[in-house]
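I have placed the structure first, in the form of structure tokens, so that the comments after it can refer back to it.
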Amino acid sequence: MKRLLRLLVAFTCVVVVAGCGTPEKPAAAPPAGVPAVVLGDLVTLEQDGTVRIAQVDVAGPTLEIYEDYQCPVCLKFEQGDNNALVREMVVKGAIAIMIHPMTIFQDDKPITRENSRRALIASLCVRDPSTWLRYHDELYAHQPDEFQKGGFPNEQLVQLAGKVGIPAGEFTACLESPETAERADAVTDLALSRGVEGTPTIRYQGQDLDWTTSWRDTGQG
């Protein structure tokens with residue numbers, strides 16, 4: 001496990017891409033690694049929109065993930081082996097994760113921005129920590145094309161909530177609440193104020209990582 005922590009540090013780099021890239025869209029599939037239902041009991045929802053996932057007695061080290069549900073590159077990370085490794089490390093008590101959902105798309109991409117913002121609002125409406133990660137994974141598994149007008153419609157967001165056991169009534173009211181929309185914008189503003197210029201941004205102990213290279217097979221002892 002110490003080797004894995006050294007591995008993360010070894011891949012530290014300062015490479016920030018302005019906005020979310022658009023690779024060839026992968027086929028929808030569940031995120032890799034430990035199933036969300038296993039990690040559910042390790043989730044803590046914080047008031048500023050941050051989601052902490054860690055064993056009870058683990059204070060750090062901390063890996064932060066700034067992500068956008070509409071971002072196809074974020075989907076690629078979610079489905080990749082590095083994310084699988086991170087989830088494994090959480091279960092083993094070697095690391096704490098801090099997930100920061102946000103909207104990286106701005107006014108120059110209005111359709112994509114609104115898709116992203118609807119999904120972000122929906123994630124903020126999940127108030128039971130044990131179901132949050134399952135809903136998070138459903139959003140990625142049903143990510144629309146980023147140029148699809150009306151992607152992540154409220155009807156679908158409610159349907160996905162029901163799929164993971166979230167009652168429709170309270171969830172729908174939250175989706176339609178102006179206060180939730182204001183909170184979503186505040187969550188995004190907070191992420192941007194921390195120097196996040198692209199998603200996913202992965203930070204280990206405050207330093208940005210290159211997540212495009214495997215963190216398992218470095219050949220380090």
Practice task
Examine W211 and V34 and state if one hydrophobic cluster contains both, with Ile, Leu, Val, Met, Phe, Trp and Tyr joined whenever side-chain heavy atoms are less than 4.5 Å apart.
Solution key: yes
Do we see a donor-acceptor contact under 3.5 Å between the side chains of D210 and T213?
yes
I'd like to know if K163 and D137 make a salt bridge, using a cut-off of under 4.0 Å between side-chain N and carboxylate O.
no
In this structure, CD1 of I202 is separated from CD1 of I65 (nearest 0.5 Å) by 5.0 Å
For S116 and F105 the tightest heavy-atom approach is CB-CD1, 4.2 Å
* Asked: Parallel, tilted or perpendicular: which describes the rings of Y69 and H136, with under 30° parallel and over 60° perpendicular?
  -> perpendicular
Practice prompt. May I ask you to decide whether K109 forms a salt bridge with E114, counting only side-chain N to carboxylate O separations under 4.0 Å?
Written response: no
(Q) With a 4.5 Å cut-off on side-chain heavy atoms, are R113 and T103 touching? (A) yes
Looking just at side-chain N and O atoms, do Y140 and E67 make a donor-acceptor pair shorter than 3.5 Å?
yes
(Q) In this structure, would L42 and W132 fall into the same cluster of hydrophobic residues linked by side-chain contacts under 4.5 Å? (A) yes
Are L75 and V51 connected in a single hydrophobic cluster, I mean Ile/Leu/Val/Met/Phe/Trp/Tyr linked by side-chain heavy atoms less than 4.5 Å apart?
-> yes
Any side-chain heavy atom of E146 sitting closer than 4.5 Å to one from C71? no
Exercise. Would you check if Q70 and R118 make a side-chain contact, meaning some heavy-atom pair closer than 4.5 Å?
Key: no
Minimal heavy-atom distance between A122 and F171, with the atoms involved, is O-CE1, 3.6 Å
Is E64 close to I97 at the side-chain level, that is, under 4.5 Å between some pair of heavy atoms? no
Check: Is T112 close to K149 at the side-chain level, that is, under 4.5 Å between some pair of heavy atoms?
Finding: no
Heavy-atom closest pair (A161 atom, Y135 atom, distance to 0.1 Å) is N-CE1, 3.3 Å
In this structure, OG1 of T201 is separated from CZ of R194 (nearest 0.5 Å) by 12.0 Å
Here the gap from L139 atom CG to L120 atom CG, rounded to the nearest 0.5 Å, amounts to 10.0 Å
Tightest non-hydrogen contact, residues A184 and I121, listed as CB-CG1, 3.7 Å
Review point. Can you check side chain to side chain contact (heavy atoms under 4.5 Å, CB included) on V158 and L175, steps first, answer last?
Key: CA-CA 9 Å; V158 173; L175 273 182; 3.7 Å; yes
Next on the checklist: Quick check: is L133 connected to L45 through a chain of hydrophobic side chains (ILVMFWY, heavy atoms under 4.5 Å apart)?
Outcome noted: yes
- Is there side-chain contact between P72 and Q143, with at least one heavy-atom pair below 4.5 Å? yes
dist R52:CZ -> I99:CD1 (nearest 0.5 Å) comes out at 12.0 Å
When rounded to the nearest 0.5 Å, the distance separating CD of E182 from CG of D189 is 11.5 Å
*Would you mind reporting whether R127 and C174 have side-chain heavy atoms less than 4.5 Å apart?*
yes
(Q) Looking at D185, is its backbone amide N or carbonyl O close enough to the side chain of T188 to form a donor-acceptor pair, meaning the two atoms are under 3.5 Å apart? (A) no
One should read off an interatomic distance between T50 OG1 and Y66 OH, to the nearest 0.5 angstrom, of 7.0 Å
Smallest heavy-atom separation, G198 atom then I104 atom, equals N-CD1, 3.9 Å
(message) Is it the case that the side chain of D81 and the backbone of S214 share a donor-acceptor pair, with hydrogens and angles ignored and the cut-off at 3.5 Å?
(response) no
| message | Taking CD in E170 as the centre, count heavy atoms belonging to other residues, nucleotides or ligands within less than 6.0 Å. Is the count above 12? | response | no
Note: A181 and R117 closest approach over all heavy atoms is CB-NH2, 3.4 Å
Verdict with reasoning, Q47 to R183, per side chain to side chain contact (heavy atoms under 4.5 Å, CB included): CA-CA 10 Å; Q47 184 57 37; R183 187 178 175 216; 4.1 Å; yes
Q: Indicate yes or no for a side-chain donor-acceptor contact from Q205 to the backbone of L63 under 3.5 Å, with no hydrogens or angles considered.
A: no
Report task. List the steps, then state whether side chain to side chain contact (heavy atoms under 4.5 Å, CB included) holds for D145 with F147. Result -> CA-CA 5 Å; D145 184 272; F147 303 111; 3.4 Å; yes
Which of V90, N83, V91, L85 passes side chain to side chain contact (heavy atoms under 4.5 Å, CB included) with R87? Answer is N83
Check whether any side-chain N or O of T172 sits under 3.5 Å from a backbone N or O of A168 as a donor-acceptor pair, and report yes or no. yes
- Task: Could you tell me whether the side chain of D48 reaches within less than 4.5 Å of the side chain of L190, counting heavy atoms only?
- Result: yes
Q) Is there a side chain to side chain contact (heavy atoms under 4.5 Å, CB included) between I166 and V126 once you walk through the steps? A) CA-CA 8 Å; I166 301 172; V126 181; 3.8 Å; yes
Check for me, please, whether L157 and V164 land in the same ILVMFWY cluster - side-chain distances under 4.5 Å, paths through other members count.
yes
